[in-house]
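Contents: one structure, followed by commentary.
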Amino acid sequence: SVVGTYRAGETGHVFRFAYGNTLTRPDYRELVPFNLGEANRQLQAAGVLNLTNRDDEFDLGNPNLREQTSENLDLAWEYYFGSRQSNTISVSLFSKDLEDFLQEDTYTRDIEVLVDPEDPSLGTEMVRADTNFWSNASTRHIEGFEVSGYFDFAYLLPDVKFLSGIKLVPNYSYIVGDQTDPIYDVDELELGNFVVTDFVNIPSLRNQAKEIYNMQVIYEWQRLSVRASYNYISALQVTASTAAISAITFDTERENVDVS
């Protein structure tokens, strides 16, 4: 990785640059080829109670997972101003390209479980259960910018005494990107095999909001401290595009106000 900082004398301007490559290895639990449903069936055949409750999810390890790699680029400008340069404005640009992105997906299949774990003599039945598995989604591209600031009116406008206890802390982020995900053969997944039949490009990012905004207002006077904040998160993709899922759904946007 390469990191650089340039300070433009006493002007208050600071420029930052960072470039790097990172590698993320799968967790052990994601690699182990352990099928909990099959283990339950073997235990039931031996007269042992099953490992899960009926409503539990099942995990299917993927021993063929590869390391996730990422190429990152960040550029930033910061400006310090006002008395003692205690007020700041910053703008940062970022870009990230990920290969073999490690992702947890879910598909629904039939699992054989005991009718009553307390009484194995009642036999078994087939129920629909969610099965979680991990995959190397093909690629991810992420880019965006962030604008933030810190404004202390005691130093920004020192002659306006009634504003001296007020501080503003705004922040805004805009993030876009796309992902290319594999589509798996559901019949092969039933057998614990990860067979890719096609790839699909999605012009959005899973679990990533496009816009995030918050504004915090702080008032301090002697021993009194009051804080109010407004937070906003735009709608984000919450459904994966892989396996048997064909439709992509988005959560609703969220906003809230906190006062303390």
If a pair satisfies salt bridge (Lys or Arg N to Asp or Glu O under 4.0 Å) and one of its residues is in residues 133-155, list it, with sequence neighbours excluded. R140-D181
How many angstroms lie between OG in S135 and OH in Y184, if you round to the nearest 0.5 Å? 3.5 Å
Please answer: with hydrophobic residues joined when any side-chain heavy atoms are less than 4.5 Å apart, are M215 and L163 in the same cluster? yes
Can you hop from V195 to I183 via hydrophobic side chains spaced under 4.5 Å? no
Would you say the side chains of N256 and D258 form a donor-acceptor pair under 3.5 Å? yes
Quick test of your reading of the model: are K96 and E71 salt-bridged, counting only N-O distances below 4.0 Å? no
Taking atom CH2 of W221 and atom CD1 of I166, what is their separation to the nearest 0.5 Å? 14.0 Å
For Y79, give me all partners under side-chain contact (heavy atoms from CB on, under 4.5 Å), at least two apart in sequence or on another chain. H13, W77, F81
When rounded to the nearest 0.5 angstrom, what distance separates CZ in F94 from OG in S173? 6.0 Å
Do the side chains of P170 and F151 get nearer than 4.5 Å, heavy atoms only? yes
Start with the C-alpha distance between Y232 and E253, add both sets of side-chain angles, then the distance that settles side chain to side chain donor-acceptor pair (under 3.5 Å), and finish with yes or no. CA-CA 8 Å; Y232 169 81; E253 61 184 14; 2.7 Å; yes
Using the rule that Ile, Leu, Val, Met, Phe, Trp and Tyr join whenever any side-chain heavy atoms are under 4.5 Å apart, tell me whether L98 and Y19 fall into a single cluster. no
Under a single-linkage definition using a 4.5 Å side-chain heavy-atom cutoff for Ile, Leu, Val, Met, Phe, Trp and Tyr, are L156 and V147 assigned to the same hydrophobic cluster? yes
Under 3.5 Å, is there a donor-acceptor pair linking the side chains of Y230 and E255? yes
Does some side-chain heavy atom of I142 sit less than 4.5 Å from a side-chain heavy atom of D178? no
For Q85 and E10, the nearest pair of non-hydrogen atoms, with its separation, is NE2-O, 3.6 Å
Are N72 and N21 close enough that some pair of their side-chain heavy atoms sits under 4.5 Å apart? no
All salt bridge (Lys or Arg N to Asp or Glu O under 4.0 Å) counterparts of E30, not counting sequence neighbours: none
Within the 6.0 Å centroid threshold, strictly below: Y6 and F17: no
Where P203 and N201 come nearest, the two heavy atoms and their spacing: CD-O, 3.9 Å
Residue set satisfying side-chain contact (heavy atoms from CB on, under 4.5 Å) with D100, at least two apart, ordered chain then number -> R66, N136
By side-chain contact (heavy atoms from CB on, under 4.5 Å), which residues pair with S164, not counting sequence neighbours? A154
Within a strict 4.5 Å, meaning less than it, do heavy atoms of the N87 and Y80 side chains meet? no
I need the N214 CG to N171 CG distance, nearest 0.5 Å. 5.0 Å
Euclidean distance, D198 CG relative to D185 CG, rounded to 0.5 Å: 12.0 Å
When you group the ILVMFWY residues by side-chain heavy-atom contacts below 4.5 Å and let the links chain together, are F101 and L23 in the same group? no
Before giving the answer on side-chain contact (heavy atoms from CB on, under 4.5 Å), spell out for L168 and F153 the whole-Å C-alpha distance, their side-chain angles and the decisive distance to 0.1 Å. CA-CA 8 Å; L168 298 180; F153 284 86; 3.8 Å; yes
Among V176, L205, I175, which residue satisfies the side-chain contact (heavy atoms from CB on, under 4.5 Å) criterion with K210? V176
Taking S234 for its side chain and E211 for its backbone only, find out whether a donor-acceptor pair lies under 3.5 Å. yes
Cut-off 3.5 Å, side chains only: do D97 and H141 have a donor facing an acceptor? yes
Look at the side chain of N62 and the backbone N and O of W134, then say whether any donor-acceptor pair between them is shorter than 3.5 Å. yes
Mind checking who shares a hydrophobic cluster with V169, ILVMFWY linked at side-chain heavy-atom distances under 4.5 Å? Y150, I218
Distance, nearest 0.5 Å, that separates CG of L65 from CZ of F133: 10.5 Å
Within the side chain of Q68, is there an N or O that forms a donor-acceptor pair under 3.5 Å with the backbone of L102? yes
